[in-house]
Amino acid sequence: MERSLVLIKSDAIQRGLAGTIITRLESQGLKLVALKMLHLDKAVARRHYAIHRDKPFFEGLVDYITSAPIIAIIFEGERAVEVIRGMMGLTDPAKAKAGTIRGDFGLDIGRNTIHGSDSVETAGEEIKIFFSEDEIFSY
Ligand code: IDP
Ligand code: MG
């Protein structure tokens, strides 16, 4: 079964949207197999977003994701990566469709409420940043 790493980002935690976002994903049939709340330090944030390290928004992104706690989740399901990306909507909430999480709750491209892995390969790498094997449940 496919796995994806989801982060409920700092802006969503600050605004009390964690439950709403998790409910949307669970209601779609995605299975919660790991979950933790954590306050990222800058080193882990830089590792998670390493692919963007040369972008002009990188330092702002690291500051934002470390500005408040986040919730990290592993969801499991058929085509979980693609299903979650679809439910998230486009990166920029102004362009994301109504009915998607970013379309409905995102404030701007820097505060777009949720991260979801963009490929099965990336999911495998991201999961290792946030979880050890004994934190992932089978049921
Ligand atoms: P994604 O989250 O939809 O996969 P990416 O292009 O991988 O989008 O960018 C990662 C994150 O970096 C975005 O979710 C957003 O928080 C932030 N980001 C992307 N582009 C910009 C930008 O132009 N300005 C500020 N932040 C950005
Ligand atoms: Mg991405």
Side-chain angles (χ1 to χ4, degrees):
M1 197 56 82
E2 202 167 292
R3 286 176 175 171
S4 179
L5 180 86
V6 166
L7 302 178
I8 313 288
K9 294 183 179 179
S10 0
D11 62 302
I13 299 290
Q14 298 263 28
R15 292 158 62 214
L17 292 168
T20 302
I21 292 171
I22 294 168
T23 297
R24 283 203 181 193
L25 297 164
E26 273 191 302
S27 303
Q28 189 68 29
L30 292 154
K31 185 173 175 180
L32 248 178
V33 296
L35 181 149
K36 65 170 74 161
M37 189 167 197
L38 68 168
H39 199 137
L40 284 188
D41 63 32
K42 294 207 171 181
V44 177
R46 288 199 175 95
R47 190 174 158 210
H48 173 69
Y49 281 122
I51 195 164
H52 297 300
R53 68 179 156 255
D54 296 328
K55 306 263 172 66
F57 59 82
F58 182 68
E59 282 307 321
L61 176 58
V62 169
D63 285 346
Y64 148 73
I65 203 74
T66 58
S67 67
I70 62 163
I71 291 176
I73 302 173
I74 303 172
F75 276 112
E76 210 172 74
E78 256 178 62
R79 297 184 301 111
V81 165
E82 185 190 334
V83 167
I84 292 169
R85 292 292 297 194
M87 291 179 70
M88 285 163 52
L90 295 177
T91 306
D92 183 352
K95 295 182 183 143
K97 291 198 174 116
T100 64
I101 293 167
R102 287 166 165 174
D104 291 350
F105 304 121
L107 295 175
D108 52 53
I109 196 165
R111 294 175 295 169
N112 59 7
T113 73
I114 184 169
H115 166 86
S117 305
D118 64 6
S119 72
V120 175
E121 192 193 353
T122 313
E125 291 162 10
E126 291 178 347
I127 283 168
K128 282 193 213 127
I129 297 176
F130 289 90
F131 294 96
S132 57
E133 272 306 316
D134 64 357
E135 293 173 320
I136 306 173
F137 294 87
S138 290
Y139 63 97

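Whatever order the structure lists them in is the order used to number ligands and atoms, beginning at 1.
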Just to confirm my output: which protein heavy-atom neighbour is closest to [atom], and how far is it?
{"atom": "atom 4 (O) of ligand 1", "result": "Arg85 NH1, 2.9 Å"}
{"atom": "atom 5 (P) of ligand 1", "result": "His52 NE2, 3.5 Å"}
{"atom": "atom 18 (N) of ligand 1", "result": "Phe57 CE1, 3.5 Å"}
{"atom": "atom 15 (C) of ligand 1", "result": "Ile109 O, 3.2 Å"}
{"atom": "atom 3 (O) of ligand 1", "result": "Thr91 OG1, 2.5 Å"}
{"atom": "atom 17 (C) of ligand 1", "result": "Leu61 CD1, 3.8 Å"}

Exercise for the section: State plainly whether the residues Lys42 and Asp63 are in salt-bridge range, i.e. N to O under 4.0 Å. Expected result: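 Looking at Asp63 together with Lys42, the answer is yes, because their closest N to O distance falls below 4.0 Å.
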Exercise for the section: Determine, for Glu78 against Lys31, whether the closest basic-nitrogen to carboxylate-oxygen distance falls under 4.0 angstrom. Expected result: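 Lys31 and Glu78: not salt-bridged.
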Handout entry: Considering all heavy atoms, the nearest Leu40-Ile70 contact
Key =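 Looking at all heavy atoms of both residues, the closest pair is CG-CD1, 3.7 Å.
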Any idea which part of [X] is under 4.0 Å from ligand 1, heavy-atom wise: side chain, backbone, both or neither?
{"X": "Asn112", "value": "side chain"}
{"X": "Lys9", "value": "side chain"}
{"X": "His115", "value": "neither"}
{"X": "Arg102", "value": "side chain"}

Practice task
For salt bridge (charged side-chain N to carboxylate O under 4.0 Å, His left out), just list the numbers for Glu126 and Arg47, CA-CA rounded to whole Å, side-chain angles, deciding distance to a tenth of an Å, and then say yes or no.
Solution key: CA-CA 9 Å; Glu126 291 178 347; Arg47 190 174 158 210; over 6 Å; no
Practice task
Assess whether side-chain contact (heavy atoms from CB on, under 4.5 Å) is satisfied between Arg85 and Glu82, documenting all intermediate values.
Solution key: CA-CA 5 Å; Arg85 292 292 297 194; Glu82 185 190 334; 5.8 Å; no
Practice task
On the 0 to 90° scale, with breaks at 30° and 60°, tag the Phe57-His52 ring pair as parallel, tilted or perpendicular.
Solution key: tilted
Handout entry: Criterion side-chain contact (heavy atoms from CB on, under 4.5 Å) against Ile71, the qualifying member of Ile8, Leu7, Leu38
Key =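 When side-chain contact (heavy atoms from CB on, under 4.5 Å) is applied between Ile71 and each of Ile8, Leu7, Leu38, only Ile8 qualifies.
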